[in-house]
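Shown next, in structure tokens, is the structure this report addresses.
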2 protein chains.
Amino acid sequence: MKELWKKFDEIELTHSSVHHLMAIFDLLQIHGYVRAVDIANYLNISRSSVSITIRKLKNRGYVTEDENKFYRLAAPGEQLIQTVLTKRGIIRIFFREVLNLPDHLAEAEACKIEHLLEEETGQKLMSFIGLYLSENKIAEDFRNIRTDFNYHCDTTEACTNCEADCYFASHPFEIDKPLRRTE
Amino acid sequence: MKELWKKFDEIELTHSSVHHLMAIFDLLQIHGYVRAVDIANYLNISRSSVSITIRKLKNRGYVTEDENKFYRLAAPGEQLIQTVLTKRGIIRIFFREVLNLPDHLAEAEACKIEHLLEEETGQKLMSFIGLYLSENKIAEDFRNIRTDFNYHCDTTEACTNCEADCYFASHPFEIDKPLRRTE
DNA sequence: TACTTTCGTTAAATATGTTTAACAATTGTT
DNA sequence: AACAATTGTTAAACATATTTAACGAAAGTA
């Protein structure tokens, strides 16, 4: 069970491969066709690298190619990038609208993790955002106090995420227990 | 600027290396010492793999070794795993207490992304949790309606995170704009 | 038609992380 | 002391992702 950390490597497609698929998706919308060289320019990598990666994606059934070597997304590829793009959108909105990260950072952070999180996480995050950003009076009140609230600490403890009078300094060993009494 | 996706590879230490550091941290607490074979057993990988990875971590100044090849974390290593562990804790609490993910999933998801997110993201997430889980009356009210709220959709649209009457279906192109009017 | 450019692929190289096998050195046991 | 087990390292191998260089084929141009 301590092999939890290895799950990172069990991700079906790498970050790189996912972006090859997304490049195909984007370029199809922009130009209506995609060749290897288009992907290479779009991602700013070499044609050879694209050639090799796409071959793998074809073998795995994510991409198809016509007689002129113009690419299409096969159904699994289409499906996969839809889920990734949806997750990215949700994560980005969360980072920007809930955490108030600057948009460029929200986007970069979403890009790094979009393909790593499970669908369930994406769904639950959307569910949360659905309420948080709603017209519901209580949600509105919460957003309003959230605007002014800024949790901060000032110690010199090891913890660098916040520094002193820290939330975790005062709840140091409670990570394994529910924080709120759930009665 | 479309090289945003390459930031994934600019992460200073790999997932694997970070876990080697965390293994040292854990094992020092458990046994008071750490040898290569201890790390290998703890992470369930071969001694050779550990030997190679640790050599790199020594060269980069994250790990030191005494005359008997017992390891210690150097200051940068200590500092790094503190930030990673803190981020993991925050993320895990968020997933479990805010999104209501089952704990095993919250933990696995946190493990996958803990080393990828910036410190700023960790801080902002902690700030959010600090309010959300507080005794503040409005926060309590919000938590209460949150308990019952479950956003759900039922379409057959491409989006697989939710399906129909979808939050994003109704706000399809607004990802690039603020969702809430910020007046 | 002949020359040039573009394009896809392959080969060889680099870099990371991993494995197994072999080896040397140390430690434990009898 | 002699044999056995444990430990760390290195070498060779594999897998992934990337690069540059080279090559061949197709397309565009003169």
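Only heavy atoms go into these numbers, but all of them, side chains included; no hydrogens, no water, no symmetry mates.
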Please state whether the phosphate of C/dG17, meaning OP1 or OP2, lies under 4.0 angstrom from any side-chain nitrogen or oxygen of B/Ser17.
-> yes

Look at the side-chain N and O atoms of B/Lys56 and state whether any lies under 4.0 Å from the OP1 or OP2 oxygen of C/dA15.
-> no

Side chain to side chain donor-acceptor pair (under 3.5 Å) evaluation trace for A/Thr86 with A/Thr83 = CA-CA 5 Å; A/Thr86 305; A/Thr83 71; over 6 Å; no

Using a 4.0 Å heavy-atom cut-off, does [X] contact any base of the nucleic acid, only the sugar-phosphate backbone, or nothing at all?
X	answer
A/Thr14	sugar-phosphate
B/Ile45	sugar-phosphate
B/Ser46	base
B/His20	sugar-phosphate
B/Ser49	base

Distance in angstrom units between [X] [atom1] and [N] [atom2], rounded:
X	N	atom1	atom2	result
B/Asn44	C/dT18	CG	P	12 Å
A/Tyr71	C/dC7	OH	P	12 Å
A/Ile54	C/dG8	CD1	C1'	12 Å

Any residue of residues 31-38 of chain B with a heavy atom less than 4.0 Å from an atom of DNA chain D | B/Arg35, B/Ala36, B/Val37

Identify the heavy atoms of A/Ile39 and A/His20 that sit nearest to each other, and give their distance.
-> CG2-CD2, 4.1 Å

Between C/dT18, C/dG8, C/dG17, which one does the side chain of A/Trp5 approach most closely?
-> C/dT18

Steps toward side chain to side chain contact (heavy atoms under 4.5 Å, CB included) verdict (A/Glu109, B/Glu118) = CA-CA 8 Å; A/Glu109 297 284 86; B/Glu118 305 288 337; 3.2 Å; yes

If we ignore angles and hydrogens, is there a donor and acceptor under 3.5 Å between the side chains of A/Ser17 and A/Thr14?
-> yes

Min and max contacting nt of DNA chain D in 5' to 3' order, chain B heavy atoms within under 4.0 angstrom, are D/dT7 to D/dT18

Assign each of B/Arg47 and B/Ile52 to its nearest nucleotide of DNA chain C by heavy atoms, then name whichever residue's nucleotide is nearer the 5' end.
-> B/Ile52

